[in-house]
Amino acid sequence: MLYKTTLRANPMNRSQKKFYAAPTYTEDINLNKVAQDISNTCTLTPADISAVLDSFLEVLPGYLEDGHSVKMGDFGRFRLSFRSVGHENEEEVSANDIGAARILFVPSTRLKGKLNSIRYSKR
């Protein structure tokens, strides 16, 4: 993984700036590339894999909207989170206060473990 150095405000003291390592990304990998690479490791065709991933994209929002946490085996877990406006009294809180929904992904222990072997190089 390539990294670069960037000058940013120190989170512990915003008036102080420090240099930090930051990831450098190369090109985006698209669904076709992922499907082709997965296909090379099993008996499914790239079209089969793309169809499964597209279908997952269709069903995932419904599961999340219904309040489910979606565990995908050794891949990890998806769940919905959102921001909310705060109030002094519980009775004042309503659905109108909810906004900025986002999907959180928590990788499995197995997937996180695979990150332990990453080597870093300065760009």
Side-chain angles (χ1 to χ4, degrees):
M1 173 83 192
L2 294 175
Y3 72 92
K4 61 184 176 182
T5 56
T6 59
L7 182 62
R8 293 190 300 216
N10 179 353
M12 303 302 283
N13 179 356
R14 300 302 256 167
S15 64
Q16 182 183 65
K17 293 194 181 249
K18 290 188 173 185
F19 286 95
Y20 295 88
T24 299
Y25 302 102
T26 54
E27 62 184 285
D28 289 342
I29 300 295
N30 64 27
L31 180 61
N32 291 336
K33 170 78 169 133
V34 171
Q36 183 63 55
D37 289 348
I38 292 172
S39 177
N40 291 338
T41 68
C42 67
T43 60
L44 298 173
T45 68
D48 293 334
I49 294 162
S50 291
V52 168
L53 294 173
D54 284 341
S55 295
F56 179 65
L57 179 63
E58 291 298 316
V59 300
L60 180 63
Y63 294 144
L64 298 175
E65 184 179 356
D66 289 343
H68 297 288
S69 171
V70 180
K71 186 174 181 188
M72 300 295 294
D74 284 338
F75 187 69
R77 182 184 306 267
F78 294 90
R79 62 188 171 91
L80 191 65
S81 183
F82 52 76
R83 293 181 186 247
S84 173
V85 175
H87 294 281
E88 294 292 325
N89 300 307
E90 183 178 354
E91 299 80 25
E92 296 174 346
V93 177
S94 74
N96 293 330
D97 299 321
I98 298 171
R102 60 192 178 128
I103 297 172
L104 301 178
F105 172 70
V106 179
S108 70
T109 303
R110 180 178 170 200
L111 182 56
K112 282 191 274 188
K114 293 191 178 280
L115 300 180
N116 293 334
S117 62
I118 293 176
R119 287 189 290 256
Y120 300 95
S121 303
K122 193 169 185 177
R123 183 171 189 201

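In this chain, residues are counted from 1 in sequence order.
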Engineer: Within the 3.5 Å criterion, strictly below it, is a donor on Ser69 or Arg77 matched to an acceptor on the partner's side chain?
Structural biologist: yes
Engineer: Less than 4.5 Å apart, any side-chain heavy atom of Phe19 and any of Thr6?
Structural biologist: no
Engineer: Nearest 0.5 angstrom please: His68 NE2 to Arg79 CZ, how far?
Structural biologist: 15.5 Å
Engineer: With a 4.5 Å cut-off on side-chain heavy atoms, are Tyr20 and Pro11 touching?
Structural biologist: yes
Engineer: Hey, what do you get for OG1 (Thr45) to CD1 (Ile38), rounding to the nearest 0.5 Å?
Structural biologist: 11.5 Å
Engineer: In residues 87-97, what donor-acceptor pairs under 3.5 Å come from side-chain atoms, sequence neighbours left out?
Structural biologist:
unit_1, atom_1, unit_2, atom_2, d
His87, NE2, Asp97, OD1, 3.1
His87, NE2, Asp97, OD2, 2.8
Asn89, ND2, Glu92, OE2, 3.4
Ser94, OG, Asn96, N, 3.2
Asp97, OD2, Ser94, N, 2.9

Engineer: Would you indicate whether the side-chain heavy atoms of Tyr25 and Leu2 approach each other to under 4.5 Å?
Structural biologist: no
Engineer: According to a 4.5 Å side-chain heavy-atom criterion applied to Ile, Leu, Val, Met, Phe, Trp and Tyr, with indirect links allowed, do Met72 and Leu53 form part of one hydrophobic cluster?
Structural biologist: no
Engineer: In this structure, would Tyr63 and Ile103 fall into the same cluster of hydrophobic residues linked by side-chain contacts under 4.5 Å?
Structural biologist: yes
Engineer: Considering non-hydrogen atoms only, spot the tightest contact between Gly73 and Ser108 and give its length.
Structural biologist: O-CB, 4.3 Å
Engineer: Side chains of Met1 and Pro23: does their closest heavy-atom pair fall under 4.5 Å?
Structural biologist: yes
Engineer: Please determine whether side-chain contact (heavy atoms from CB on, under 4.5 Å) holds for the pair Phe78 and Leu60, giving the CA-CA distance in whole Å, both sets of side-chain angles, and the decisive distance to 0.1 Å.
Structural biologist: CA-CA 9 Å; Phe78 294 90; Leu60 180 63; 4.1 Å; yes
Engineer: Evaluate the side-chain proximity of Asp74 to Leu111: yes if any heavy-atom separation is below 4.5 Å, no if none is.
Structural biologist: no
Engineer: Taking only residues two or more places apart in sequence or in another chain, which ones pass salt bridge (charged side-chain N to carboxylate O under 4.0 Å, His left out) with Asp48?
Structural biologist: none
Engineer: Leu57 and Leu64: same hydrophobic cluster, using ILVMFWY side-chain contacts below 4.5 Å?
Structural biologist: no
Engineer: Which distance, rounded to the nearest 0.5 Å, do you find between the CG of Asp28 and the NZ of Lys33?
Structural biologist: 13.5 Å
Engineer: In terms of heavy-atom contacts, does CD of Gln16 have more than 12 from other residues, nucleotides or ligands at under 6.0 Å?
Structural biologist: yes
Engineer: For the residue pair Asn32 and Gln36, confirm or rule out a side-chain donor-acceptor distance under 3.5 Å.
Structural biologist: no
Engineer: Does Ser39 reach the main-chain N or O of Leu44 with its side chain, forming a donor-acceptor pair under 3.5 Å?
Structural biologist: yes
Engineer: How about CZ on Arg8, more than 12 heavy atoms from neighbouring residues, nucleotides or ligands closer than 6.0 Å, or not?
Structural biologist: yes
Engineer: How about Phe105: does its CZ atom have over 12 heavy atoms from other parts shown lying under 6.0 Å from it?
Structural biologist: yes
Engineer: Is Ile29 reachable from Phe75 through a run of I, L, V, M, F, W or Y residues, each pair having side-chain heavy atoms under 4.5 Å apart?
Structural biologist: no
Engineer: Treating Ile, Leu, Val, Met, Phe, Trp and Tyr as nodes and any side-chain heavy-atom pair under 4.5 angstrom as an edge, say whether Val52 and Leu31 lie in one connected cluster.
Structural biologist: no
Engineer: May I ask you to test the Arg123-Thr5 pair for a side-chain heavy-atom distance under 4.5 Å?
Structural biologist: no
Engineer: Asn13: what forms a side-chain hydrogen bond (donor to acceptor under 3.5 Å, both in side chains) with it, not counting sequence neighbours?
Structural biologist: Ser15
Engineer: Taking the ring centre of each residue, are Tyr120 and Tyr3 less than 6.0 Å apart?
Structural biologist: no
